[in-house]
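Just follow the structure's listing: the first ligand is 1, and inside any ligand the first atom is 1. Since the model is a prediction, treat every value here as computed from it, not as a measurement.
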Amino acid sequence: MSIMGTRPAPCQESIQSAMLGSLHRNVVGLAQLSPIRSAITNSKVTKPLVDKFVAGDSAADAVRLTLALQEKRIHVALDLLGEDVETEAEATRAADEYQEVIDLAHAQGVDSPYISVKLTALGLSLGEGVATRNLRRILSHAGGAFVRVDMESSRHTESTVNVVLDLHQEFPELGTVLQSCLFRTDRDIETMIDAGVPIRLVKGAYVEPAEVAYQSKAEVVRAYRRQMARMINSELPLAIATHDENLIATAKKHIRESKRNNDTVEFQLLLGLREDLRDALVEEGYHMRVYIPFGSQWYPYLVRRLAERPANLALVARNILPRRGR
Ligand code: FDA
């Protein structure tokens, strides 16, 4: 539906899609400027948004929420916020903190703990070897917990795929994420199916150049539909991670028509978004997992969420831009 409440004509739809793409690009770029960063960080509307999207500052906050959701048959993926670290010491600390989170989850009775990690938090920018070493440490300590490697910008896709394929041979409880927006994803899906690496399929949250990625929302949705169908028809464990109701409806239809065991496919949503949809899917008997970020390094995560949704952005912009006549 358009903003006016009527369905746009196809060419209107592609213009809107292109405008949203360019808005997304500009927002993410502007948010890196330090005066904007400081204005967003200090704005009075930021705290409620952070509270909506982030479980709290500590692992204890995240585990407390996990246990409450578990009561409602909702599983979680725990994500310690932080990315793009520049020193080995920071990368080592992130791996230590992940081990502490896993220990806490086991100790507090979380069913089958599950964490999401970013390789740039584990030192990927310092080399694949550093990230591999830290990820191996987490995996060796996992004690049955599932570890999902998030996918970051396309600068890191090749390295992420390499690190995951390498470690998956030793640690089957390791999965990763593929982004429908990237041209390479159909090929990566076949590689992961051959290697048996569990996949979470997402649209992609990073601003990507036209050389490597679809630029319009319509093309990304088309790719997602195709890739999701391919994966449902395979035997690979699959997480369908989207809030897009049309895609979810298509997924449900494919799952019903496929010979898939329902335990090997789940829906995933982000904390703070579409709780109505979350509860409805649980009620229908689907496996549901919510992605729970926690920690103090929330800024890049918040910017990605703001950029996805013009309404969120407008709220912040209204509060950080200077007002005339005051
Ligand atoms: P889309 O953006 O089309 O939105 C559909 C509907 O969802 C909207 O109409 C609105 O109702 C709601 N919605 C979506 N985003 C919103 C927001 N920010 N604020 C308010 N409402 C919103 N990306 C990535 O590149 N690497 C990764 O590892 C991951 N991991 C990941 C895990 C999980 C569990 C999820 C759900 C998503 C990711 N993503 C990700 C993010 C993903 O790539 C994508 O950016 C977001 O999911 C938004 O796209 P959707 O497909 O949800 O739909």
**Asked** Could a heavy atom of Glu245 be found less than 4.0 Å from some atom of ligand 1?
**Response** no
Is it true that a side-chain atom of [X] and a backbone atom of [Y] form a donor plus acceptor pair closer than 3.5 Å?
X: Tyr206; Y: Arg304; result: no
X: Asp61; Y: Asp57; result: yes
X: Glu152; Y: Leu119; result: yes
X: Ser216; Y: Glu219; result: yes
X: Arg260; Y: Ile232; result: yes
X: Asn134; Y: Leu122; result: yes

**Message:** Run Thr250 and Arg225 through side chain to side chain donor-acceptor pair (under 3.5 Å) and show every step you take.
**Reply:** CA-CA 8 Å; Thr250 308; Arg225 225 175 261 286; 2.7 Å; yes
Give me the residue, atom name and distance of the protein heavy atom closest to [atom].
atom: atom 16 (C) of ligand 1; result: Leu273 CD1, 3.5 Å
atom: atom 44 (C) of ligand 1; result: Glu308 OE2, 3.6 Å
atom: atom 37 (C) of ligand 1; result: Leu270 CD2, 3.7 Å
atom: atom 19 (N) of ligand 1; result: Asn312 ND2, 3.0 Å
atom: atom 2 (O) of ligand 1; result: Lys217 NZ, 3.7 Å
atom: atom 26 (N) of ligand 1; result: Met151 O, 2.8 Å
atom: atom 51 (O) of ligand 1; result: Thr242 OG1, 2.7 Å
atom: atom 30 (N) of ligand 1; result: Arg200 NH1, 3.3 Å

**Asked** In terms of ring plane angle, is the pair Tyr286 and Phe267 parallel, tilted or perpendicular, where the classes change at 30° and 60°?
**Response** perpendicular
**Request:** Take the angle between the ring planes of Phe183 and Tyr214 and call it parallel below 30°, perpendicular above 60°, tilted in between.
**Result:** perpendicular
Would [X] count as being in polar contact with ligand 1, using the rule that some N or O on each side must be under 3.5 angstrom apart?
X: Gln268; result: no
X: Tyr291; result: no
X: Arg274; result: no
X: Gly204; result: yes
X: Val177; result: no

Identity of the nearest option to [atom], non-hydrogen atoms only, from [options]:
atom: atom 41 (C) of ligand 1; options: Gln179, Arg305, Arg309; result: Arg305
atom: atom 52 (O) of ligand 1; options: Glu208, His243, Lys203, Arg289; result: His243
atom: atom 31 (C) of ligand 1; options: Val202, Leu178, Val149; result: Val202

**Message:** Could you check whether atom 21 (N) of ligand 1 has a protein contact, counting only heavy atoms that fall below 4.0 angstrom?
**Reply:** yes
**Request:** Would you mind running through ligand 1 and noting each atom that sits below 4.0 Å from a heavy atom of Asp150?
**Result:** 28 (O)
**Request:** With heavy atoms under 4.0 Å as the rule, classify the contact between Leu269 and ligand 1 as side chain, backbone, both or neither.
**Result:** backbone
**Asked** From His243 NE2 over to Lys203 NZ, what is the distance, rounded to the nearest 0.5 angstrom?
**Response** 9.5 Å
**Message:** Can you confirm whether Val149 sits close enough to Val177 that some side-chain heavy atom of one is under 4.5 Å from a side-chain heavy atom of the other?
**Reply:** no
**Request:** Establish, yes or no, whether the cationic atom of Arg289 lies under 6.0 Å from the six-membered ring centre of Tyr291 and within 45° of the ring axis.
**Result:** no
